[in-house]
Amino acid sequence: MSKTNPGNFFEDFQVGQVIEHATPRTVTEGDRAAYGSLYPTRFAVPSSAAFAASVGLDAHPMEELIGFHIAFGKTVPDVSLNAVANLGYAECRFHQPVVPGDTLSTKSEVIGLKQNSNGKSGVVYVRSTATNQRGEVAIDWARWVMVHKRDQAAAAPETVIPELAKAVDAKNLIVPKGLDFSSYDFTAAGEPHRLGDYEVGEKIDHVDGVTLTESEHQQATRLWQNTAKVHFNVEARPDGRNLVYGGHIISLARALSFNGLANAQLIAAINAGAHTSPAFAGDTVYAWSEVLDRVETDAPGVGALRLRLVATKGRDESMTLRGEDGKYAPGVLLDLDYWALIPA
Amino acid sequence: MSKTNPGNFFEDFQVGQVIEHATPRTVTEGDRAAYGSLYPTRFAVPSSAAFAASVGLDAHPMEELIGFHIAFGKTVPDVSLNAVANLGYAECRFHQPVVPGDTLSTKSEVIGLKQNSNGKSGVVYVRSTATNQRGEVAIDWARWVMVHKRDQAAAAPETVIPELAKAVDAKNLIVPKGLDFSSYDFTAAGEPHRLGDYEVGEKIDHVDGVTLTESEHQQATRLWQNTAKVHFNVEARPDGRNLVYGGHIISLARALSFNGLANAQLIAAINAGAHTSPAFAGDTVYAWSEVLDRVETDAPGVGALRLRLVATKGRDESMTLRGEDGKYAPGVLLDLDYWALIPA
Amino acid sequence: MSKTNPGNFFEDFQVGQVIEHATPRTVTEGDRAAYGSLYPTRFAVPSSAAFAASVGLDAHPMEELIGFHIAFGKTVPDVSLNAVANLGYAECRFHQPVVPGDTLSTKSEVIGLKQNSNGKSGVVYVRSTATNQRGEVAIDWARWVMVHKRDQAAAAPETVIPELAKAVDAKNLIVPKGLDFSSYDFTAAGEPHRLGDYEVGEKIDHVDGVTLTESEHQQATRLWQNTAKVHFNVEARPDGRNLVYGGHIISLARALSFNGLANAQLIAAINAGAHTSPAFAGDTVYAWSEVLDRVETDAPGVGALRLRLVATKGRDESMTLRGEDGKYAPGVLLDLDYWALIPA
């Protein structure tokens, strides 16, 4: 019997099944530097231990997406190695900052299944939870993915579609313990704009672009121990090209959004996300954001912006999400809906 | 007189000569992250400080190959800058884990010399020892390399060929102090297979492949302070291509071997190694392993597998090492014989 | 009103103006590893914590250029985002080593202005100061840069040209507290040459070359949070090529200079620097040095060499800086004048 992992197929999943994913991974200052070499990020809290301390965070938080990519990567060998497509995310919350020295482990529960009418594949819904070395929840999220069947003749399971929130309710956002933006240094952070300066419906063109190279996205894939072959093995796709890892586009767009959203320091939640088009080395990626909501929180000086972050291939100064046909506009690579914490 | 290092030529070596190599290098968490961005490694002990502690290792070991590549790199400017070919390794033992904060220094003793019959070059045998900042041995190994003569008219030295073991004897394997696999978490580690599940003669196709890019292998070369020009200077080879650093293939193959050997957590010894064919950016590298031996050790729950690790250009599901002519099969890049520690 | 930073134009600067740059950044062991993956550096002090301690430095200094690039990068969004050209550096001094855990912030004072006769641009002179988390000066330097005008009709400011030293006076060099080279280990450092072995006027061909790849210089640009678009966005230049970041050439040349200047351990000052020609991926970079001056210092066993470090595209064994016309010879990429500390 083969000792290698073939991944799970659609008929291997059952509602209620819990999968403990390998392998735990310790996050270090080395990851912060690696992340900084891959993405042009400049947010003051993860960039500066001194700034973080000045807003009440004694340990120096990593970018939230480092924790997310690591935690997510762990689910790939069990959940999406045989995926046709990654369909969506929902209800992702960051329960506490991931700091150097933390070890993350992830487990997933199957919360829904729906076989496709073609009988060749089905949608698997999982809720995944990343915990730290003290067993505390660091991040949790739901995700659904279309997975091949091994045997098309296998019987279809009962259809269960979980109820997932369109967005994390503002009152369920978690503010890191101690976070206090009342003496926030806007000069050091790079921009003067606070919560009240952003209007719901406002769009921000983040101006800057980065041309993707082959090496960076593959380094990211490995760094987060993501095993999806199409990102680093040219023999895994008929066109012989490496598909840029979706998390790479998320991190790149988030970094680009600094220019206009420099004070959106911490990601509190991800409401939804769609990778709408593939990206390849040579593409030049830009980003724009739309303000979807703004709220205050109970923490001193801390507000939250709900933002749509859109990555595009080539700059779109018109910031068009969808065409008249309701489909994503050409060039849109990512549509991510998230909550960020910002000085009120 | 030139102040730069021309490297040693064959006639510069004498049996018994001891060379203290420059420069000491401190290993840090930054190296672990850099290694993780270069190779798709997921072994639980080096990946997770918490997992390492759960098997009795208080300090968090680096991958053994990080220490090996650093220690080896130090010998290049003195031993193999003028090498024609790196011929082999033997008797490499890891005496204790290298942990963040350790500073490695390497010295080598010339243990053999044999001029080639063409009078243009000769084989130099060295035994190299890497010590840490406390002067304790971390790694030692023998290596032989074919080196150019500066002056073909120089007299040939007396031929001395050292006796080197075909493999490190199982009873001489060193198990890290404190290592205890009796409460090993197979789920966290990623696979259920233990020592007894592997049969001598069994072959494992590790399935996954990685396409080499130009940047990663060069980053590795620099990270380990390896000065062999053919890896990063296109003007150093007539074909204008950068030869991928052999250590890069070793690390890549070892990382790929996770899929099927996830519990072969620690490398205890390297018995032999041959870089059988050059590799270049664009090649897609796969790996397979053959079980050569299996033994128990005195440490609680700790066994050892002797493994042949073969890297190939393109996947070879037949796992053929040599053709009928006894030569390495086309596509074989690396043939490495090593001992790994695994739960018994 | 746009929330993104358009950068300052020539008419936005006034003599005496002080700019506090975003964003503070903490330097870590991760940066040391990242630097080591980008440049073939082997200087013993930044390479080895044990070696650094043996010369009196308890905390392990980073390469000086890591601090310089980070501190410099902070000035780009405010000073040179709309630059035509980076014209020069002067009076750069390293006041104390940057060590892991230090957080660097930079501010700049405008010390000179001169509109160009074409009315389209002007030269801005700034003195920049990087301080650590204790408010102590880590690095300061002067720099002048040619910046576009936003509005060509804007009135020209009064011309003020600051007096800048051609070189930092040897008696103003700062030796790190505790530095003592009296028991310096030349074997560990890699070369036997000390201060007295270098003659003023002597030139050293550093022999080794490195072919630039696309990924490394871009990783450097991001790592130092440098936002100059021409380095990573192919759409930012008419020729669709990424210009290699000047700091990348400085670091590469400095690393190559190890071969012949291995004991020039620490950079104490940068007297002047010019990026004389653009570099692109595919170019193979070599370096040579010229000894400009040599002095002793008050610190035990510590001397200083004033060196010209020249990077070239292709190796120039003749080490020619300028042609008969007085212009830089073809292939010269960088002309850097600096002081290094070396055992006396």
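Lettering of chains follows the sequences in order, A, B, ..., and the numbering in each one begins at 1.
- Looking only at atom types and distance, the side chain of C:Arg143 has a donor-acceptor partner in the side chain of C:Ser80 under 3.5 Å away.
- Neither the backbone nor the side chain of C:Thr221 comes within contact range of chain A, judged by heavy atoms closer than 4.5 Å.
- Partner of C:Tyr245 under the ring pair (Phe, Tyr, Trp, His ring centres under 6.0 Å) criterion, chosen from C:His231, C:His275, C:His217: C:His231.
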key: Verdict with reasoning, A:Tyr39 to A:Glu63, per side-chain hydrogen bond (donor to acceptor under 3.5 Å, both in side chains)   = CA-CA 11 Å; A:Tyr39 309 107; A:Glu63 300 252 349; over 6 Å; no
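- In summary, the side chains of A:Tyr35 and A:Thr41 do not present any donor paired with an acceptor at a separation below 3.5 Å, with no hydrogens or angles considered.
- Only the backbone of A:Asp205 comes within contact range of chain C, with at least one heavy atom under 4.5 Å from a heavy atom of that chain.
- For A:Ile204, the part lying under 4.5 angstrom from a heavy atom of chain C is the side chain only.
- Of the charged side-chain nitrogens involved, at least one lies within less than 4.0 Å of a carboxylate oxygen, so that A:Arg315 and A:Glu317 count as a salt-bridged pair.
- There is no contact between C:Glu29 and chain A, counting heavy-atom distances below 4.5 Å.
- Heavy atoms of A:Glu214 lying under 4.5 Å from chain C are absent altogether.
- Among the candidates A:Pro192, A:Gly190, A:Gly36, the residue making the largest number of heavy-atom pairs closer than 4.5 Å to chain C is A:Gly36.
- Most heavy-atom pairs under 4.5 Å with chain C: of the set A:Ser37, A:Gly260, A:Ala33, A:Ala189, this distinction falls to A:Ser37.
- Taking the ring centroids of A:Phe186 and A:His193, they lie at or beyond the 6.0 Å cut-off.
- With chain A as the partner, the residue from C:Pro24, C:Ala22, C:Gly101 showing the most heavy-atom pairs under 4.5 Å is C:Pro24.
- Heavy atoms closer than 4.5 Å to chain C are found nowhere in A:Arg32, neither backbone nor side chain.
- Of the charged side-chain nitrogens involved, at least one lies within less than 4.0 Å of a carboxylate oxygen, so that C:Lys229 and A:Asp208 count as a salt-bridged pair.
- For the residue pair A:Asn263 and A:Tyr198, no side-chain donor N or O sits within less than 3.5 Å of a side-chain acceptor on the partner.
- Taking chain C as the reference chain and counting heavy-atom pairs below 4.5 Å, the highest number among A:Ala44, A:Gly209, A:Ser215 is found for A:Gly209.
- Residue C:Pro6: no heavy atom, backbone or side chain, is found under 4.5 Å from chain A.
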